[in-house]
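I have placed the structure first, in the form of structure tokens, so that the comments after it can refer back to it.
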Amino acid sequence: MTTGFHYDPIYLAHQPGRGHPERPERLEAAIAHLQAQTWFDQMPAVRAAPASLDWVYTIHAPDYVARAQAACAAGQAHLDVPDVGISTASYDVALAGCGAGLALADAVVSGTVDNAFGLIRPPGHHAETSLALGFCLFNNVAIMARYLQQQYGFEKVLILDWDVHHGNGTQHSFENDASVMYISLHQYPFYPGTGAHSESGEGAGRGATVNCPMPAGATDAHYQAAFTERVLPAIDNFAPEVVILSAGFDAHANDPLAQVDLTTSCYAWMTLRMLEVADKHAGGRLISILEGGYDLRALSESVALHVETLLHGGTSSTPAES
């Protein structure tokens, strides 16, 4: 398989404030670890331009986007809530992250690559239509899903989110829409408070949202059971034409912001299952975008194993646990 890879040093310019967990060092550590892998140069680099506002507006209200731009330009310390720290560069960086998703989608749909991964920040899945939340300014995967539908005509898009925090923004973007299935595995009850099992979509979208809330202390076995019993049957019933992963790595046992106990190797297991889904239903089309992950070593090793699995399937040689 050919795995497209995107990274740009522009993502280091987003400065959410001293001591903030979503710090530039996350990507510095991850890219250094990736570049040290013998297989890194096998991945074609995917270049990207900032997303045009027309695509951002498919998810976010224009007045919210303008407010975000103004807050960054004015040098404000945060946007909307204290945990969304910003700096003067943050608006441009967030647009770059959105644009990365679109460029990776182009590469996969065109057949230039089989699948793709974007090492970007800030994350996006908490961003609501008109509200910044949970370290997130713009919802990268939600914008990409609309782009895939409107630019390429895909009728059924799957977003699977294994970040340890529920992607409230992504769920709310599509909860009335049967054309986008959103599946989340996350610690519950936990931040941001959404993601109960009973949240299954509204109106025409009922059934297209699948939440798999996990207790604190959940292990690989809990996640694998959820895949077998709920996630994979729901996906087979939906039969997506393209697969998007909200790939957060903060459910790792060593992550400081949550209490789920996944091993590094579980990310390879989940990645393999999603490659199988993409091969079965979507012509192999799979695009993965980084969300959370705040222990530098756990993040770096988990990202590397995830990407190596995308590239080589089940033949990864990366150590199983950090």
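For clarity, every value in this text was computed on a predicted model and none was experimentally measured. We number each residue from 1, following the sequence as shown.
The environment of CD in E155 is sparse: at most 12 heavy-atom neighbours from other residues, nucleotides or ligands sit within 6.0 Å.
Nearest heavy-atom pair, Q149 versus V180, reported as atom, atom and distance to 0.1 Å: NE2-CG2, 3.6 Å. When all heavy atoms are compared, the tightest approach of F174 to I159 is CE1-CD1, 3.7 Å. Minimum interatomic distance between L158 and V277 (heavy atoms only, all atoms of both residues): CD2-CG1, 4.4 Å. The two residues V210 and A234 come nearest to each other via the heavy atoms CG2-CB, 4.1 Å.
Listed for the Q259 side chain is no donor-acceptor partner under 3.5 Å among the backbone atoms of G217. Panel note: side chain E199, backbone G195; a donor-acceptor pair is recorded below 3.5 Å.
Side-chain contact of T3 with N115: a donor-acceptor pair under 3.5 Å is present, judged by distance alone. A side-chain donor-acceptor contact under 3.5 Å links T263 and D220. If you check the side chains of Q42 and H312, you find a donor sitting under 3.5 Å from an acceptor. Inspection of the H125 and D161 side chains reveals an N or O donor paired with an N or O acceptor under 3.5 Å. There is no side-chain donor-acceptor pair under 3.5 Å between D54 and S52. Donor-acceptor pairing under 3.5 Å is recorded for the side chains of T194 and H166. In this structure, a donor-acceptor pair under 3.5 Å is absent between the side chains of E175 and T209.
When each of H78, H20, H165, H126 is checked for a ring-ring contact (aromatic ring centres under 6.0 Å, His included) with F135, only H20 meets the rule.
If you chain together hydrophobic residues whose side chains sit under 4.5 Å apart, L104 and F40 fall into the same group. Hydrophobic cluster membership differs between L296 and Y267, with clusters built from Ile, Leu, Val, Met, Phe, Trp and Tyr side chains linked at under 4.5 angstrom. Cluster annotation: F190 and F249 are assigned to distinct hydrophobic clusters (Ile/Leu/Val/Met/Phe/Trp/Tyr, side-chain heavy-atom contacts under 4.5 Å, transitive). One hydrophobic cluster, built from ILVMFWY side chains closer than 4.5 Å, cannot hold both L257 and V84; they sit in different ones. Linking Ile, Leu, Val, Met, Phe, Trp and Tyr residues whenever their side-chain heavy atoms come within less than 4.5 Å leaves Y294 and V260 in two separate clusters.
Using the six-membered ring where Trp is involved, Y188 and H186 have ring planes that are perpendicular, over 60° apart on the 30 and 60° scheme. Taking the six-membered ring for Trp and thresholds of 30 and 60 degrees, Y147 and Y152 have ring planes more than 60 degrees apart, a perpendicular arrangement.
Between K280 and E276 there is no salt bridge, since no side-chain nitrogen of the basic residue lies less than 4.0 Å from a carboxylate oxygen of the acidic one.
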Please determine whether side-chain hydrogen bond (donor to acceptor under 3.5 Å, both in side chains) holds for the pair H306 and T271, giving the CA-CA distance in whole Å, both sets of side-chain angles, and the decisive distance to 0.1 Å. CA-CA 6 Å; H306 173 58; T271 304; 2.8 Å; yes

In sequence, state the C-alpha distance, the side-chain angles, and the governing distance for S87 and S90, and then conclude on side-chain hydrogen bond (donor to acceptor under 3.5 Å, both in side chains). CA-CA 5 Å; S87 58; S90 296; 3.2 Å; yes

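The CG atom of L310 sits 12.0 Å away from atom OG1 of T2, with the distance rounded to the nearest 0.5 Å.
Taking the centre of each ring, F227 and W269 come in below the 6.0 Å mark.
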